[in-house]
Amino acid sequence: MLIDGVSFLELVRKAELPDALAEQKELAEEFAPEPAPLLAGDYGRLTCSSVEHLLGGTPDDIPHGAEDDEYMLLGCSCGIDDCWALVAKIAADDDTVTWSDFRNTYRDWDYDTIGVLTFSRRQYERSLHTAFGAQANAMSENRQPGQ
């Protein structure tokens, strides 16, 4: 997904970079002589099963460490969502979809540079349809007003 021409994953990576670099420095001795891993932006892509909750519906699965009102946007690159995930609050109405309060379920990193992202509901659904195909289309046709 692009936000003002920049991939969402790149926005997340930039937001996480200062905290990830600090963590990498703290772990340097543990990994010596190799450098400690730099984990900024180390997420896998969303799968098709994630589409419903991106439209404001109830998520099928809430990753470990997420609150009931938080939705997973990105899961760990290892493929295990409970390993770590990027979550946010999603609010959707007939005209807009808003992502806010970004948080990693495993690390206390700062996401203030991302801020609050508000999308046109129509363009948002179109982007989901492009990314996930028929499943997103079916979800948007079956949505209830205010979802």
Side-chain angles (χ1 to χ4, degrees), residues 1-27 35-147:
M1 175 181 272
L2 295 178
I3 316 278
D4 295 330
V6 178
S7 79
F8 177 65
L9 186 56
E10 181 61 19
L11 288 176
V12 170
R13 190 191 71 72
K14 285 180 181 178
E16 291 180 345
L17 193 55
D19 290 317
L21 286 168
E23 180 179 294
Q24 184 185 45
K25 185 176 179 182
E26 288 174 19
L27 296 173
L38 182 62
L39 297 176
D42 190 25
Y43 297 96
R45 296 191 181 273
L46 289 174
T47 63
C48 288
S49 63
S50 303
V51 172
E52 180 179 354
H53 77 264
L54 292 175
L55 289 169
T58 304
D60 292 335
D61 190 25
I62 298 173
H64 178 75
E67 302 295 326
D68 290 342
D69 63 344
E70 293 178 318
Y71 296 84
M72 184 174 72
L73 300 177
L74 298 168
C76 183
S77 63
C78 76
I80 301 171
D81 296 338
D82 284 336
C83 184
W84 79 343
L86 181 75
V87 297
K89 295 183 180 180
I90 298 177
D93 61 31
D94 290 338
D95 299 319
T96 61
V97 177
T98 303
W99 293 358
S100 64
D101 302 309
F102 297 92
R103 186 173 74 79
N104 182 295
T105 57
Y106 188 78
R107 288 174 165 77
D108 188 22
W109 287 353
D110 182 4
Y111 295 91
D112 288 346
T113 58
I114 296 176
V116 174
L117 302 175
T118 301
F119 310 97
S120 156
R121 176 85 186 222
R122 186 174 174 186
Q123 290 175 337
Y124 183 83
E125 288 181 359
R126 196 172 342 180
S127 294
L128 289 180
H129 178 69
T130 299
F132 298 109
Q135 184 180 358
N137 190 41
M139 293 303 304
S140 64
E141 289 173 4
N142 293 327
R143 72 177 166 94
Q144 300 294 320
Q147 279 189 316

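Sequential numbering from 1 along the given sequence is applied to the chain's residues.
- Within the 4.5 Å cutoff, no side-chain heavy atoms of V6 are placed close to those of I3.
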Practice prompt. Might you work through the side chain to side chain contact (heavy atoms under 4.5 Å, CB included) test for V12 and W109, ending with a clear yes or no?
Written response: CA-CA 11 Å; V12 170; W109 287 353; over 6 Å; no
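- One finds the CZ atom of F119 at 9.5 Å from the CG atom of L128 (value rounded to the nearest 0.5 Å).
- Scored by the side-chain hydrogen bond (donor to acceptor under 3.5 Å, both in side chains) test, S77 finds D42 as partners (sequence neighbours excluded).
- Rounded to the nearest 0.5 angstrom, E10 CD and K14 NZ are separated by 5.0 Å.
- Residues G41 and L9 share a closest heavy-atom pair of O-CD1, 3.6 Å.
- Not counting sequence neighbours, E67 has no partner by the salt bridge (Lys or Arg N to Asp or Glu O under 4.0 Å) test.
- Residues passing the side-chain hydrogen bond (donor to acceptor under 3.5 Å, both in side chains) test with S127: none are found, sequence neighbours excluded.
- No more than 12 heavy atoms of other residues, nucleotides or ligands sit less than 6.0 Å from atom OH of Y106.
- With sequence neighbours left out, D19 forms a side-chain hydrogen bond (donor to acceptor under 3.5 Å, both in side chains) with no residue at all.
- By the side chain to side chain contact (heavy atoms under 4.5 Å, CB included) test, T113 pairs with A15, sequence neighbours left out.
- A donor-acceptor contact shorter than 3.5 Å is absent between the side chain of T105 and the backbone of A66.
- For residues 104-118, every residue pair satisfying the salt bridge (Lys or Arg N to Asp or Glu O under 4.0 Å) rule, not counting sequence neighbours, is listed here: E23-R107.
- Summarising the geometry, atom CG belonging to L39 is positioned 4.5 Å from atom CH2 belonging to W84; distances are rounded to the nearest 0.5 Å.
- Residues passing the side chain to side chain contact (heavy atoms under 4.5 Å, CB included) test with A36 are Q24, L27, F31, sequence neighbours excluded.
- No side-chain heavy atom of V97 sits less than 4.5 Å from a side-chain heavy atom of L117.
- In this view, A40 and R13, E16, L17, A20 satisfy the side chain to side chain contact (heavy atoms under 4.5 Å, CB included) rule, not counting sequence neighbours.
- Between F102 and F8, the two ring planes are tilted [angle within 30° to 60°].
- For W99, the side-chain hydrogen bond (donor to acceptor under 3.5 Å, both in side chains) test picks out Y124, with sequence neighbours left out.
- The only option from R122, R121, Q123 that meets the side-chain hydrogen bond (donor to acceptor under 3.5 Å, both in side chains) definition with E125 turns out to be R121.
- In this structure, L73 and A88 approach most closely via the heavy-atom pair CD1-CB, 3.7 Å.
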